[in-house]
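Each remark here refers to the structure printed beneath this line.
We name chains A, B, ... by the order of the sequence lines, and we start the count at 1 in each one.
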Amino acid sequence: MSPTEMLQVMDVPQKSKGKAPAGLKGDDLKKMFRAMFFTRLLDQRGMNLQRQGRIGFYVPSFGQEASQIGAGYAMQDQDILWPSYRVISIALLKNVDLKIIFNQAWGNKADICKGRQMPNHYAIPDIGWMSISSPIGTQISHAAGAARAAQIRGENRASWAWFGDGGTSSNDFHAGMNFAAVWKAPCIFMCENNHWAISVPQEMQSASSSFAAKAVAYGMPGIRVDGNDVLAVYEACKEARERAEGGGGPTLIETVTFRMGPHSSSDDPSKYQAQELYDSWQKKDPIDRFRLWLKGKRLWTQKWEDELKEELMAEIAAAVESAESTPMPDVETLFDDVYAEVPPMLQEQREALLDQIRRSGDIEDTGGAFPL
Amino acid sequence: MSPTEMLQVMDVPQKSKGKAPAGLKGDDLKKMFRAMFFTRLLDQRGMNLQRQGRIGFYVPSFGQEASQIGAGYAMQDQDILWPSYRVISIALLKNVDLKIIFNQAWGNKADICKGRQMPNHYAIPDIGWMSISSPIGTQISHAAGAARAAQIRGENRASWAWFGDGGTSSNDFHAGMNFAAVWKAPCIFMCENNHWAISVPQEMQSASSSFAAKAVAYGMPGIRVDGNDVLAVYEACKEARERAEGGGGPTLIETVTFRMGPHSSSDDPSKYQAQELYDSWQKKDPIDRFRLWLKGKRLWTQKWEDELKEELMAEIAAAVESAESTPMPDVETLFDDVYAEVPPMLQEQREALLDQIRRSGDIEDTGGAFPL
Amino acid sequence: MPQMTMLDALNDALHIAMEKDDDVVMLGEDIGKKGGVFGTTAGLHEKFGEMRVMDTPLSECGIIGTAVGMAIYGLRPVPEIQFQDFIFPGFDQIVSEMAKMRYRSGGHFTCPMVVRTPSGGGIRGGHYHSQSGEAYFAHTPGLRVVMPSTPREAKGLMLSAIFCDDPVIFLEPKALYRHGKEEVEEGFFTIDMDKARIAREGKDVTVVTWGAMTPICQDAATEVAEKGIDVEIVDMRSMLPWDAETVLDSVRKTGRCIAVQEAPRTCSFASEIAATVAEKAVDSLEAPVGRVSGFDTPFPYALEHVYKPDKKRVTNAIEYVASYE
Amino acid sequence: MPQMTMLDALNDALHIAMEKDDDVVMLGEDIGKKGGVFGTTAGLHEKFGEMRVMDTPLSECGIIGTAVGMAIYGLRPVPEIQFQDFIFPGFDQIVSEMAKMRYRSGGHFTCPMVVRTPSGGGIRGGHYHSQSGEAYFAHTPGLRVVMPSTPREAKGLMLSAIFCDDPVIFLEPKALYRHGKEEVEEGFFTIDMDKARIAREGKDVTVVTWGAMTPICQDAATEVAEKGIDVEIVDMRSMLPWDAETVLDSVRKTGRCIAVQEAPRTCSFASEIAATVAEKAVDSLEAPVGRVSGFDTPFPYALEHVYKPDKKRVTNAIEYVASYE
Ligand SMILES: Cc1ncc(C[n+]2csc(CCOP(=O)(O)OP(=O)(O)O)c2C)c(N)n1
Ligand SMILES: Cc1ncc(C[n+]2csc(CCOP(=O)(O)OP(=O)(O)O)c2C)c(N)n1
Ligand SMILES: [Mg+2]
Ligand SMILES: [Mg+2]
């Protein structure tokens, strides 16, 4: 297939044709649905918490659940994930403790990253989930380097880099793709083309015929797949994962999908997005499509979904409750982890701060609101 | 033609088939030869001057004369050149005063750039030759921006960016190509694939099937041309120039050629380059090829070349003589041109320096040798 | 005179500059229909069209690099970097190209352009939406580095910057975007970037500051005034080239000095102030030169309010140097 | 003990590190068969093969970015940037990723890596092969910034840096690569990066310096000694975190201080030294704190010798502060 054609397994919208990719049993398919559905619930809750002023910021992945879970299911346990801020679904698929997520959103004392970063910038070492940063694209080079490291050590671990259509314009996309290809490193580059980089539409991001076509520049295979078709995404990723393991080098996968929500809790798409575009994509909602397909295969019932919903909502509620009632990090932790050990320079700055607090009392939290 | 096939007009090596591209008369062809031949002589002299310790550094373009002059001849007078350090031939084609070149090599008082940069980093405003810098690739974004500016002003001026195979890995290649393509800006990207980035061979630079193929990533035409065939290069460039003028946007042209000398006066290729590779390319020397072709068309005689050589050597000798006998820039010029006007901060630093010199005498020049 | 927030004032300045000169063009991420993530470019795209107000691909390298090309061509581009923290992918273009173009070409080519970018904390943005990078730029000869502290200052300095022939890094203190209004003249006017501003006259302690720390220092000055300490505040406006004379004159008068900034301490512009005082006004000094600054750690999320100097930290420092014997 | 140039010593350190630990890998432009443009990596490619000594595409962003990925994976990469001037295309990876990885992940992920790069003037390389960028890095919390001043120092500090768990910017003073030989211990040894070195003891004036300025300051000290001025030289070794105590102890003893560097003056590490002295040792000061430095201009070609501080400029400054009353 050329990198401008598009791979699909399921029909759009209302039918249930297409066979499940080899190796996927009924249980697998239900797990995939569960993670997609869970993500939707979590995102709705996250957005609400932000609207209620309980957390400062949230990034939903409405509409991109298939694009993510199809890939997540093709990963192996030892693989390494280099995520962007918009792929929380994969953590849910990997059964991460929800407290990790909400503690991070609050930046409280129990946050495993010690409240250092704004919401959605997780690091979850237990599941091979690397630390997210805001600068777009930087993780792409990291993924290439880690894949090279696995090669050097002779370990079968693939690196999965996640980024958006906007991310393809970054310096690191160019560098990371190029280095990985020259090295034939076991790396899978997941470009979620959700049509927008905040307000910049994909056609202003690049004049290329597709984002997958960018693979040609690096001499690696580029695959374009229907990103709202979880099974097609899985198939493309599985193949790429096998290629990586077999020494065939990296693959670029473009999942064609749509950002069905705002860029983040601070964004209002009505300024730049036509309602019709949104409407046309809503008909292709990946959860609706997969539900219908599963139903056709007798793997879904309303009752199952209702029970699932109840269970997941309770899990979310418990984690929110726990995170919200956990206190903020202690002031002195501000100086930890800059270096392996706190150097004298920072010890001194810490002492001065604590001394001031002893003399003049706590420092007032004056807040601040995030614009994007 | 696909970006992996290669355009040729002249045969290799010893025949004289192929027609001159439309519009090129005998005089044009002789001018092209003259500039290529001139370049070779200049480069030999430049390298010698460095070996003799008379200038600090020199970058020759041995073997790349056709790749450059074919393009130079397709430029229009009002066009803008964003050169790398290895395209002096185009200045010769445009009849630049040789003193500009040698004054710059010495960095003397008469250098129009005031001795600010190392040799080969020219700026020649009169011929639309922009200021060269060392960081690889930065001029590619400039070219895209200037092409956009011409569009904004509605002026028919194309921008020509020059860079090497190594330059395609730079941040600015990625950014400049992308912006130019999205804007459909009148820009021609000239990638001289001379097989080496210092000691790094082209196959370690990129795994792509060709450098021209990188155009696919940006949705612009990519042309691969025999870079030792001056007429083929001209043809490809002429077409790209017409496309730019017609609003068809940018083109990437890869000229496949070979660096027949060291990277620079400081480099020794024997450490990393097989003799056979060099030998195989010497048979394709672009000047030899063009001479034979011209001879076949009765446009070349040994006498003509001998006279030409004498004339050009004399020109070079005069410029060298003049540059070498011109004194170094005055110490106080160190502080000019940082800003439009010298700010108090720099006035003060200048005063302090001049004061010290008044009190303690001139500052000793301790030299230093360039390694690459 | 209309009352404006700093956002209004900047937006007004951009409108005026684009009306005045067709060569003024803007480019950046989300500056078009969306009007910028803070709204600074609101209305420009509608009014001046997409050839002069360009939404770009997501590349700061490309935004600054193509703007350099436009500036050399003869335009006056005003690129926006969405957050100062995201300027680093384009840092090479700033340091190697924009800053050195005039010098290396012997004055033949120049880069009259203004890189606008929101800087500093105040929005709970953590590491990557809060940093104050002025020292990186102020250590780069060839650049002008400007940061306004009030709406009127913002408008006057922006108009100076856009019509100046040097490349300018214009840091917009995002904490002040909507921090109260001020009367601002209508139409075109400029403020001299080369002169620091005495934001408050006083005789006991000189407080040198800039940008978003200015109102905090003013609050601190009001507070210590009640204790009889009369503070002089120097608002720097520019950090390169910078107005040492105004600072030194003040210190020679007061004999005591602190510099207040949000940035990390080491190798910062506050260090430069203190170093210059130690070099040129040491004989007037009656106390150590204090620096109140962010800590030498990355900018945190949960503890942002602890990281950023507040009124208490500033008053403590003022009182310390004021009472030093 | 063998006599070594700094190049020999660095090459020896790299060999030893790679032998000691398979996780040490190197990558960069021309470091393989060519052995680096200065020859610092000579012999490594031959000995350790292309999986551990990698010639890379021409992208500093990729070199540093992939090295960060390798470091997170668990290796100890030692990327080379061919000239410090070319580090800026990878500056974002340094500032945003390498420096902040440990902090932002709450200590879960770290970047044990050393970015080696030749720094400073001395080879007639003009703007882009001569700059001294230490202040950019020293203003970036999370980094270690190291610069040796002799062959032995270079070897010991390099081995410390490679086996340290923090990310290090290791600036190699290219002017000293072949500047004489020194006895250097064979085999593995380390030098503490956290402690500055008293390169010369004295009681009249403290000269704080680092890298290639150290021997120049030593020459100047010898010269002024004849005039009865007894200079103490502090060779900083590290500029972040940096050893303020050694500097302050010296200044408290001498009462007079200058800082000497090649970099431009404004917001430099010399500024930091002066600021810290003005803050913490102001009562001991008997003279202005002097800064001898490059000018606030780009690094020139023809006038390099005028730009770079030489012995004369240093002796003048020493004499000025020594005789100040
Ligand atoms: C280097 C950099 N520049 C700008 C931004 C601001 N920004 C945050 S998200 C975003 C758009 C990203 O678009 P895309 O890569 O398509 O990912 P998506 O948000 O659509 O998932 C921008 C411009 C940033 N985070 N980093
Ligand atoms: C950003 C940057 N990194 C490294 C260098 C050092 N360097 C100078 S020339 C060169 C190789 C350039 O190769 P290529 O682009 O193919 O051009 P060529 O020299 O072959 O014409 C390198 C690595 C540089 N000048 N700039
Ligand atoms: Mg997107
Ligand atoms: Mg090349």
Side-chain angles (χ1 to χ4, degrees), chain B residues 80 82 111-117 121-126 130-135 137-153 155 157 159 161 170-172 174-180 182-183 185 187 329 333 336-346 348, chain C residues 22-23 25 27 51-52 54-75 77 79 89-90 92-93 95-112 141-144 164-167 194 238 240-245 276 280:
Chain B
I80 310 177
W82 303 88
D111 171 20
I112 60 172
C113 297
K114 306 185 187 171
R116 298 267 170 67
Q117 287 214 81
H121 290 64
Y122 316 98
I124 320 177
D126 284 352
M130 301 296 114
S131 165
I132 299 174
S133 70
S134 312
T138 48
Q139 73 278 16
I140 304 175
S141 294
H142 302 170
R148 178 62 164 174
Q151 243 178 354
I152 293 171
R153 286 253 191 98
E155 293 168 344
R157 300 177 71 186
S159 272
S170 68
N171 295 343
D172 284 286
H174 190 51
M177 294 276 291
N178 193 34
F179 278 55
V182 167
W183 284 333
C187 204
T333 63
D336 296 337
D337 305 315
V338 184
Y339 299 95
E341 296 181 3
V342 182
M345 179 180 94
L346 286 179
E348 192 189 311
Chain C
D22 283 350
D23 283 337
V25 300
L27 64 164
M51 288 301 276
R52 289 186 63 200
M54 299 167 249
D55 271 325
T56 65
L58 207 164
S59 166
E60 289 73 16
C61 174
I63 294 169
I64 300 172
T66 59
V68 167
M70 292 175 190
I72 296 174
Y73 192 95
L75 304 186
D92 185 45
Q93 280 287 349
V95 170
S96 302
E97 302 295 324
M98 194 173 125
K100 296 181 170 63
M101 189 59 68
R102 180 187 290 275
Y103 198 71
R104 78 177 194 226
S105 67
H108 287 293
F109 297 113
T110 61
C111 283
L143 300 181
R144 286 180 172 273
C164 157
D165 287 335
D166 298 318
D194 289 326
S238 277
L240 194 73
W242 67 281
D243 180 4
E245 267 329 294
T276 301
K280 304 220 174 116

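- For C:Arg102, the side chain to side chain donor-acceptor pair (under 3.5 Å) test picks out no residue, with sequence neighbours left out.
- Heavy atoms closer than 4.5 Å to chain B are found in the side chain of C:Asp92, but not in its backbone.
- When side chains are defined from C-beta on, B:Arg148 counts as touching C:Met51, because their heavy atoms get closer than 4.5 Å.
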**OP:** Show your reasoning for whether side-chain contact (heavy atoms from CB on, under 4.5 Å) applies to C:Lys100 and B:Ser133.
**Re:** CA-CA 9 Å; C:Lys100 296 181 170 63; B:Ser133 70; over 6 Å; no
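- Residue with the most contacts toward chain C among B:Pro344, B:Gly115, B:Ala143, B:Ala150: B:Ala150 (heavy-atom pairs, distance under 4.5 Å).
- Atom CD of B:Glu341 sits in a sparse spot, with 12 or fewer heavy atoms from other residues, nucleotides or ligands closer than 6.0 Å.
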**OP:** For C:Met54 and B:Ile152, run side-chain contact (heavy atoms from CB on, under 4.5 Å): C-alpha distance rounded to whole Å, both residues' side-chain angles, the deciding distance at 0.1 Å, then the answer.
**Re:** CA-CA 11 Å; C:Met54 299 167 249; B:Ile152 293 171; 3.7 Å; yes
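- Listed here is the closest heavy atom pair of C:Phe109 and B:Ala123: CE1-CB, 3.9 Å.
- For the set B:His142, B:Lys114, B:His121, the entry with the most heavy-atom pairs within less than 4.5 Å of chain C is B:His142.
- Looking at B:Glu348, the atoms closer than 4.5 Å to chain C (heavy atoms on both sides) all sit in the side chain, from C-beta outward.
- Heavy-atom pairs under 4.5 Å with chain C were tallied for B:His174, B:Gln139, B:Arg157; the largest tally goes to B:Arg157.
- With values rounded to the nearest 0.5 angstrom, C:His108 atom NE2 is found 10.0 Å from B:Ser131 atom OG.
- For B:Thr138 and C:Gln93, the side-chain atoms include no donor-acceptor pair closer than 3.5 Å.
- Residue C:Asp23 touches chain B through its side chain alone, counting heavy-atom pairs closer than 4.5 Å.
- Chosen from B:Ser134, B:Ala175, B:Ser141, the residue pairing most often with chain C at heavy-atom distances under 4.5 Å is B:Ser141.
- Put simply, the side chain of C:Thr66 reaches to within 4.5 Å of the side chain of B:Trp183, judged on heavy atoms.
- Across B:Asn178, B:Leu346, B:Asp172, B:Val182, the residue that shares the most heavy-atom pairs under 4.5 angstrom with chain C is B:Asp172.
- Taking 4.0 Å as the cut-off between side-chain N and carboxylate O, C:Arg104 and B:Asp337 do not count as a salt-bridged pair.
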Subject >> From CA spacing to verdict: side-chain contact (heavy atoms from CB on, under 4.5 Å), B:Asp336, C:Tyr103 >> reply: CA-CA 7 Å; B:Asp336 296 337; C:Tyr103 198 71; 5.9 Å; no
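- Using a 4.5 Å cut-off between heavy atoms, C:Leu75 touches chain B through backbone and side chain atoms alike.
- Nearest heavy atom pair, residue B:Gly145 against residue C:Met70, reads O-CG, 3.2 Å.
- Of the two parts of C:Ile64, neither the backbone nor the side chain holds a non-hydrogen atom closer than 4.5 Å to a non-hydrogen atom of chain B.
- Not one N or O on the side chain of C:Asp166 forms a donor-acceptor pair closer than 3.5 Å with the backbone of B:Tyr339.
- Using a 4.5 Å cut-off between heavy atoms, B:Ile80 contacts chain C through its side chain alone, with no backbone atom that close.
- Shown here for C:Tyr73 and B:Ala146, the closest heavy-atom pair between the two residues is CD1-O, 3.6 Å.
- Comparing C:Asp165, C:Val68, C:Asp22, C:Asp243 by heavy-atom pairs within less than 4.5 Å of chain B, the highest count is held by C:Val68.
- Looking at B:Asp111, there are no atoms closer than 4.5 Å to chain C (heavy atoms on both sides), in backbone or side chain.
- In terms of non-hydrogen atom pairs under 4.5 Å with chain B, the most contact-rich of C:Leu143, C:Leu27, C:Val25 is C:Leu143.
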